[in-house]
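This report concerns only the one structure given below.
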Amino acid sequence: MTLWESRLSGAMADEVAAFTSSLEFDRLLINDDLVASRAHVKGLGRHGVLCEAEVQALLAALDRVAEEFENGTFVFQPSDEDVHTAVERRVTELAGEVGAKLHTGRSRNDQVATDLRLWCRRNLAEVATDVLSFQEVLLQRAREAGDAYLPGYTHLQRAQPVLLAHQLLAHGWALARDVDRMIDAIERLDCSPLGAGALAGSSLPLDPDFVAEELGFHRRFENSIDAVSDRDFVAEVLFDLAMLGVHLSRMGEEIVLWASEEFGFCTLQDAYATGSSMLPQKKNPDVAELARGKSGRLIGHLTAVLTTLKGLPLSYNRDLQEDKEPLFDAVAQVRRALAAMTGLFATLSWDTRRMQEAADGGAAAAVDLAELLVERGIPFRKAHATVASLVKESIERRVPLVELVQAHPDLGEAGAKLLEPGVAVGRRTTPGGTGPVPVAEQLEGFVRHLGVDRARLEVYLRTPKKDP
Ligand code: ARG
């Protein structure tokens, strides 16, 4: 039986039901659907559309549905097209005739938009909290790293030595932007569409402001057509998750490189590594690789939703049902990736000796030599050329650079000193740079930033219910 059997005669063809049903995935919205329905019923009661007894009967039935769902006795029927029709059907079975009043003044169009915003608000806050936990691990590892240093790279060529703490916090700040974006997105999507009806509002005395407040939304919709058409928030959430996925991918790539024998900068803990089914000696960085690989899927989800939205006329179109699977999957994948990457980073061990050997060998302090010449009054371009020639000569004649530096009249012993282990990195004193002094300041700033983000998120984490 459908909700529109009086309009369309006969049953829906089986293949149509199979094609159009969203129950398989939108059952994830059941808690939000129940919460939104409670608010709707109370709103109808406020202005006398429902009498108090009817309100109580419907609220009791909604509570029963929640209980049934919680204890696993709720049974979806093959005729339920989506989670909204399933809840309404069950409320009607439980409450009898008054169940027929639940959907008064409401459409699934404003209902689904409401549910989805509630779902996004809570889930995005949880993803952001997971990111904060990952950042805490990076912070911890950065603190432990002390004055360990490694080559910093540009073009994947050794460029200048950097503190390991600095390198780790570089990822930490990228993740901070992800958190910031997610909080921004939450604040924008924190708007109630309930009361927009199918698209035009209602002739009944609905109270969109009241239901918005009941649901903890910061505000209600301004335009009922926009309220049921808008899925910007889904696209925005998917962008934020794709961007986060790209950051995790870049971190994953770094670990893949660092765990290789060629780099040898880190060793993965066995619980966060995998073996090979054929090659007995292998220890593979599959977590890092999947963190890299999942980003393709996340970008795909964003593309899918934008493509679905791009040609849609106002207002609701069934195409919009295609918003859910990408969204739900993106959140699930990102959360798993974050959990695994957090554990990976918490447990891996660094080979700081290898890192330092890589940073000390060669000419990673070359720019320091040029800057010494600058201090001695030589224009930078000329200083650059002088040092470049020495490096070239050292490679061509296979003479250690330090010997050529020592022999150079403008560099000498002071120059040779700059090539000693750990000297160059300590000289990076400018704000935000890689020396121990600015890095200590940076660590403090990072701690403050995490605290602020935690506080901003708190208000969105109050809904205790977990998703099914
Ligand atoms: N399952 C639908 C969706 O996800 C609910 C809305 C259906 N509305 C309608 N007019 N057919 O969008």
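Atoms within each ligand, like the ligands themselves, are counted from 1 in listed order. Hydrogens, waters and symmetry mates play no part in the numbers below; they use all other heavy atoms, side chains included.
Ion pairing between a basic and an acidic side chain is recognised when a charged N comes within 4.0 Å of a carboxylate O; Arg122 and Asp32 show such pairing. Salt-bridge check for Asp180 with Arg456: passed, with a basic side-chain N closer than 4.0 Å to an acidic carboxylate O.
Judged by distance alone, with hydrogens and angles left aside, the side-chain atoms of Arg38 form no donor-acceptor pair with the main-chain N or O of Glu214 at under 3.5 Å.
Shortest contact from atom 12 (O) of ligand 1 to any protein heavy atom: Tyr316 OH, 2.4 Å. Remark: minimum distance from atom 11 (N) of ligand 1 to any protein heavy atom is reached at Arg108 NH2, 3.5 Å. Ranking protein heavy atoms by distance to atom 4 (O) of ligand 1, first place goes to Lys324 NZ, 2.5 Å. What sits closest to atom 2 (C) of ligand 1 on the protein, heavy atoms only, is Gln321 OE1, 3.2 Å.
Any N or O atom pair closer than 3.5 Å counts here, and Ser22 shares at least one such pair with ligand 1.
Residue contacts with ligand 1 for Asn109 involve side-chain atoms from C-beta outward but no N, CA, C or O (heavy atoms, distance under 4.0 Å). Here Glu81 has no heavy atoms under 4.0 Å from ligand 1, in either its backbone or its side chain.
For the residue pair Arg318 and Gln321, a side-chain donor N or O sits within less than 3.5 Å of a side-chain acceptor on the partner. Between the side chains of His103 and Arg106, at least one donor N or O lies within less than 3.5 Å of an accepting N or O.
Between Phe265 and Tyr153, the ring planes are tilted. Angles from 30° to 60° get that label.
Residue contact check: Asp82 has heavy atoms under 4.0 Å from atoms 1 (N), 2 (C), 5 (C) of ligand 1.
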